[in-house]
Enquirer: 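The structure under discussion is supplied below as structure tokens; questions concerning it will follow.
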Protein chains: 2
Amino acid sequence: MPSEPVADRTDPRAARHARSRSKILEEAWVLARRHGLGRLSLGELARSVGLRQPSLYTYFDSKADLYDAMFAQGNEQLWAEVASRSYSEHPGEAVKEFTRAVVAFCAADPTRFQLLFQRPIPGFEPSPESYSVALRFLERGRDLAAGAGITRQRDMDIFTALVAGIADQQVANDPGGDRWLRLVDEVIEMFLDRLNA
Amino acid sequence: MPSEPVADRTDPRAARHARSRSKILEEAWVLARRHGLGRLSLGELARSVGLRQPSLYTYFDSKADLYDAMFAQGNEQLWAEVASRSYSEHPGEAVKEFTRAVVAFCAADPTRFQLLFQRPIPGFEPSPESYSVALRFLERGRDLAAGAGITRQRDMDIFTALVAGIADQQVANDPGGDRWLRLVDEVIEMFLDRLNA
DNA sequence: GTCTATACATCGATAGAC
DNA sequence: GTCTATCGATGTATAGAC
């Protein structure tokens, strides 16, 4: 994150700065959910956290930098979600658990889902630092899939399409519910059966 | 469409009006692709078609009305795409053909895909008139699916997730290519085999 | 149907005082 | 680190002349 000041990790001033930044980021998500990611405005954001609009530039170099921080934060939350849980020793079960976790995560916040997996803001490209967090998640998924026999690129592409499709329908047509989430097991079983046939 | 003037269908003035409206709509898509749907601006749109910004209100009551017209037009294109072609007498083949057509349609224009199938603009709800075009498409898909044994709601939900997932991945990760499009047959076969097992 | 003029709000970003 | 002040641009929408 380019706007991070150079300071020791235990510097109380740096800690205070980080806390403020975190609070601003949190409010940015609230506003993005309300108005749409592309309509997020720095003026309203500043107002919401009790600052004047120019003061935000202490925390973010630009609006693009703010988007980048949101992208990184969302991916860290996703990583925390899939990395914190333990997975079954049965590889197929582990893939199902992983998929359920991802779909639930996506359904929990459609706006976050949009920023992480779709391209709602033309011109926005995550910085390499932010993207590296996303890669960690993708590698975890790839490893779990490989354990269940999903190794060929072609099969990985099908797997990602299955996960994306369930998440997409859940978010778009039943946000907050579980109409598609509960289909995860059946879909993944269908796919793994096909692979082992 | 609320802003349509009352006039006989053969009225040359109405025809001229419709032609202008169509041209504006076309340019609106160009700008939406460039800047994002949420960033579409009436001023730039007017400039692009050689009008002053207030003149657009002759053709659209509001920006929401413009979005609604775009939604309707996109759905009419989709309908033209799936209704114009003939489908195999083999029900399973017909479903594959339909799915390929839908995925190709989505991949051809990510922005159109976004407006039709995702919710990129908080607060935008299509008018009943516009949505009726979308329903025609959904019913066609439902009928074709039913012919291949996809009748239970649960199975229809899986089917829509499969189509959405392939389209989603194709649009997001290989726009203009066919990396996921070419997986349609395998995925649909897998699903139909499962149903008939 | 198109225009000028304008209202009124908001936008992202920078300069410089404190 | 936060502020005031401000730039220059852009946003949607309306009034009223032609």
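Given the structure is predicted, the values throughout are model-derived calculations rather than measurements. Residue numbers begin at 1 in each chain, while the letters A, B, ... track the order of the sequences.
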Enquirer: If we ignore hydrogens and angles and just use 3.5 Å, is the side chain of A/Ser84 paired with the main-chain N or O of A/Ala80 as donor and acceptor?
Expert: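 At least one qualifying donor-acceptor pair exists.
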Enquirer: Atom CZ of A/Arg39 and atom P of D/dT10: how far apart are they, to the nearest Å?
Expert: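 Nearest whole value for this atom pair: 15 Å.
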Enquirer: Cut-off 3.5 Å, side chains only: do A/Gln73 and A/Arg112 have a donor facing an acceptor?
Expert: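 No, no side-chain donor-acceptor pair sits under 3.5 Å.
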Enquirer: Between A/Arg100 and A/Asp185, does any side-chain N to carboxylate O distance fall below 4.0 Å?
Expert: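 Here A/Arg100 pairs with A/Asp185 in a salt bridge, since their nearest N and O are under 4.0 Å apart.
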Enquirer: With no hydrogens and no angle check, is any side-chain donor or acceptor of B/Glu26 less than 3.5 Å from a backbone partner on B/Val30?
Expert: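 It does not hold such a pair.
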Enquirer: Send over the distance from B/Phe60 CZ to C/dT2 P, rounded to a whole Å.
Expert: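 The distance from CZ of B/Phe60 to P of C/dT2 comes to 12 Å, rounded to the nearest Å.
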Enquirer: If you take any heavy atom closer than 4.0 Å to DNA chain D, which residues from residues 43-50 of chain B end up in contact?
Expert: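 Within this stretch, B/Gly43 sit under 4.0 Å of the strand.
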Enquirer: If only side-chain N and O atoms of B/Ser55 are considered, is one of them under 4.0 Å from the OP1 or OP2 phosphate oxygen of C/dG1?
Expert: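 For B/Ser55, the contact criterion (side-chain N or O under 4.0 Å from OP1 or OP2 of C/dG1) is not met.
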Enquirer: Under 3.5 Å, is there a donor-acceptor pair between the A/Ser55 and A/Thr58 side chains?
Expert: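 The answer is no; no qualifying pair exists.
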Enquirer: On the nucleotide D/dG1, are OP1 or OP2 found under 4.0 Å from the side-chain N or O atoms that A/Tyr57 carries?
Expert: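 So the side chain of A/Tyr57 is outside the cut-off, no N or O lying under 4.0 Å from OP1 or OP2 of D/dG1.
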Enquirer: Does C/dG1 have OP1 or OP2 under 4.0 Å away from a side-chain N or O of B/Arg13?
Expert: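 False: B/Arg13 side-chain N/O out of range (4.0 Å or more) of C/dG1 OP1/OP2.
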Enquirer: Find the distance B/Leu56:CG to C/dT2:C1' and express it as a whole number of Å.
Expert: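 Nearest whole value for this atom pair: 11 Å.
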Enquirer: Quick one: which protein N/O atoms are closer than 3.5 Å to N/O atoms of nucleotides 5-9 of chain D? Pair and distance per line, please.
Expert:
none

Enquirer: If you take the centroid of each ring, where Trp contributes its six-membered ring, are A/Phe98 and A/Phe137 closer together than 6.0 Å?
Expert: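 Yes.
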Enquirer: Any side-chain N or O of A/Tyr59 under 4.0 Å from OP1/OP2 of D/dT2?
Expert: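 For D/dT2, OP1 or OP2 has a side-chain N or O of A/Tyr59 closer than 4.0 Å.
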